[in-house]
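See below for the structure under consideration.
Basis for what follows: all heavy atoms, side chains included, without hydrogens, waters or symmetry-related copies.
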Amino acid sequence: MTDKTTSDDDYDRDLPRLQLALVRYQQHAMAAGDKVLIIFEGRDAAGKDGSIHRITEHLSSRATRVVAPPKPSDREKTQWFFQRYVPWLPAAGETVIFNRSWYNRGGVEPVMGFCTEDEHENFLRNVPVFEGMLVDSGVRLVKLWLDVSRKEQKKRLEERRTDPMKALKTSPLDEAAQSRFDAYSEARDSMLRRTHSEKAPWACVRSDEKKPARLDILRHLVRSLAPKDLADEVEAPDPGVLFPFELSALSDGRLAR
């Protein structure tokens, strides 16, 4: 998996321009009452935190929330699976970003044995219906899968362990990210294949190179959410970096194995 690189000069030029386009869209969204829900999923160390920071850096703190749900409580484990996520959903004029979401049941939980096979199957069967209901109710839903190669993931996880400034990024699950890389690939493939839909499609991001990935995520958000006059001012993402999910991506090398 070879990713596009972006020079520091290009990044420093394009980042504020794209962030401004997103600010202009949020001004429109707040006035129009848009309910925006952005879901970030991906492999460990794929760059979700950094991408979300670039998105929210200049957005309204009152109208923007980043949600990183903790593990469920004993009470939440007895609820309807989607129930604990519902209170976080956006109201009119709000943008909510899930840094991991209900899709934990599509990847981490089955790989680590935190759910049963039946629970995993029920999730894969029900999530397209749930997301369809959200979209039908007026939620503007964008789903992003950030992919990273085995080699690059190993490098980033080692940096977390050795850099004290990254100590808060470490997780007990980091070791499993490498040792169970193949199992995570299988779970990802099943999840993308069964939860990609016309109403709630996945966009895949090749994130071995962080800077082009971040820029193309911003481009994708503006072009997916903004009115045409604003969206047309932003160029389309590079399809070598960010592309709509399709079945061929599971076997043609665009997604890491």
Hey, is [X] close enough to [Y] for a salt bridge, meaning N to O under 4.0 Å?
X	Y	result
R219	D14	yes
D44	R100	yes
D174	K169	no
D147	R188	yes
R140	D34	yes
R17	E233	no
E131	K143	yes

Can you hop from [X] to [Y] via hydrophobic side chains spaced under 4.5 Å?
X	Y	value
Y11	L146	yes
W88	V86	yes
M30	V66	no

- [ ] Please write out which residues are connected to V111 in a hydrophobic cluster, directly or through intermediates, given that two of Ile, Leu, Val, Met, Phe, Trp, Tyr count as joined at side-chain heavy-atom separations below 4.5 angstrom.
- [x] V108, M112, F114, L173, Y184
Open item on the list: Under the criterion side-chain contact (heavy atoms from CB on, under 4.5 Å), I'd like the reasoning laid out for V142 against I39: C-alpha separation, chi angles, the key distance, then a yes or no.
Closed with: CA-CA 6 Å; V142 178; I39 291 178; over 6 Å; no
TODO: Under the ring-ring contact (aromatic ring centres under 6.0 Å, His included) rule, collect the residues that match up with W202, sequence neighbours excluded.
DONE: Y103
Does the side chain of [X] reach to within under 4.5 Å of the side chain of [Y], using non-hydrogen atoms?
X	Y	result
E121	R194	yes
L221	I55	yes
V67	I97	no
S207	R214	no
L255	L250	yes
E94	V36	no
R254	C204	no

What's the spacing between [X] [atom1] and [Y] [atom2] if we round to 0.5 Å?
X	Y	atom1	atom2	result
I217	K210	CD1	NZ	12.0 Å
R54	K211	CZ	NZ	9.5 Å
Q19	T56	CD	OG1	9.0 Å
L242	W145	CG	CH2	14.0 Å
L230	R223	CG	CZ	12.0 Å
R13	D8	CZ	CG	12.0 Å

With distance as the sole test, does [X] use its side chain to make a donor-acceptor pair with the main-chain N or O of [Y] at under 3.5 Å?
X	Y	result
S137	L134	yes
E209	T6	no
E119	T116	yes
S190	A187	no
K35	L89	no

- [ ] Could you check L215 against V241 for side-chain contact (heavy atoms from CB on, under 4.5 Å), going step by step and ending with a plain yes or no?
- [x] CA-CA 10 Å; L215 295 179; V241 176; over 6 Å; no
Open item on the list: Quick check on ring pair (Phe, Tyr, Trp, His ring centres under 6.0 Å): which of F82, F123, F81 does F130 satisfy it with?
Closed with: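 So, applying the ring pair (Phe, Tyr, Trp, His ring centres under 6.0 Å) to F130 and each of F82, F123, F81, only F82 qualifies.
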Of all heavy-atom pairs between [X] and [Y], which one has the smallest distance, and what is that distance?
X	Y	result
S101	Y85	O-OH, 3.3 Å
E41	N104	OE2-N, 4.4 Å
G93	A63	O-CB, 3.6 Å
G240	R206	O-CD, 3.3 Å

Task: Residue list, side chain to side chain donor-acceptor pair (under 3.5 Å) with D118, at least two apart or on another chain - done: none
Task: Those residues that, when tested against S7, pass side chain to side chain donor-acceptor pair (under 3.5 Å) (two or more places apart) - done: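 With neighbours one apart ignored, the set is D10.
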Task: ring-ring contact (aromatic ring centres under 6.0 Å, His included) pairs, two or more places apart, involving residues 234-257 - done: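 Applying ring-ring contact (aromatic ring centres under 6.0 Å, His included) to every pair that reaches into residues 234-257, excluding sequence neighbours, yields H196-F245.
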Open item on the list: I need the full list of ring-ring contact (aromatic ring centres under 6.0 Å, His included) pairs touching residues 151-182, with sequence neighbours left out, sorted by first then second residue.
Closed with: none
Would you say [Y] and [X] are linked by a side-chain donor-acceptor pair, where the criterion is simply a distance under 3.5 Å?
X	Y	result
T64	Q26	yes
S149	R257	no
S185	R43	yes

Open item on the list: Go through it in stages, so that I can follow the logic: the residues are L18 and V222, the test is side-chain contact (heavy atoms from CB on, under 4.5 Å), and I'd like the CA-CA distance, side-chain angles, deciding distance and then a yes or no.
Closed with: CA-CA 8 Å; L18 294 168; V222 174; 5.8 Å; no
Task: Worked check of salt bridge (charged side-chain N to carboxylate O under 4.0 Å, His left out) between D208 and R150 - done: CA-CA 10 Å; D208 271 24; R150 190 189 305 251; over 6 Å; no
- [ ] Show your working on side-chain contact (heavy atoms from CB on, under 4.5 Å) between Q178 and L157 and close with a plain yes or no.
- [x] CA-CA 9 Å; Q178 282 279 292; L157 292 175; 4.0 Å; yes
Open item on the list: On the six-membered ring of F40, is K48 placed so that its NZ or CZ lies under 6.0 angstrom from the centre and within 45° of the ring axis?
Closed with: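 Judged by the rule, K48 and F40 form no cation-pi pair.
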Task: side chain to side chain donor-acceptor pair (under 3.5 Å), paired with R156, selected from E152, E159, Q153 - done: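 Of the listed residues E152, E159, Q153, the side chain to side chain donor-acceptor pair (under 3.5 Å) partner of R156 is E152.
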Open item on the list: Is it the case that atom CD in E175 sees more than 12 heavy atoms from other parts of the structure closer than 6.0 Å?
Closed with: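 Atom CD in E175 is not crowded, with 12 or fewer foreign heavy atoms closer than 6.0 Å.
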- [ ] Report, as yes or no, whether the 6.0 Å neighbourhood of atom CZ on R75 holds more than 12 heavy atoms from other residues, nucleotides or ligands.
- [x] no
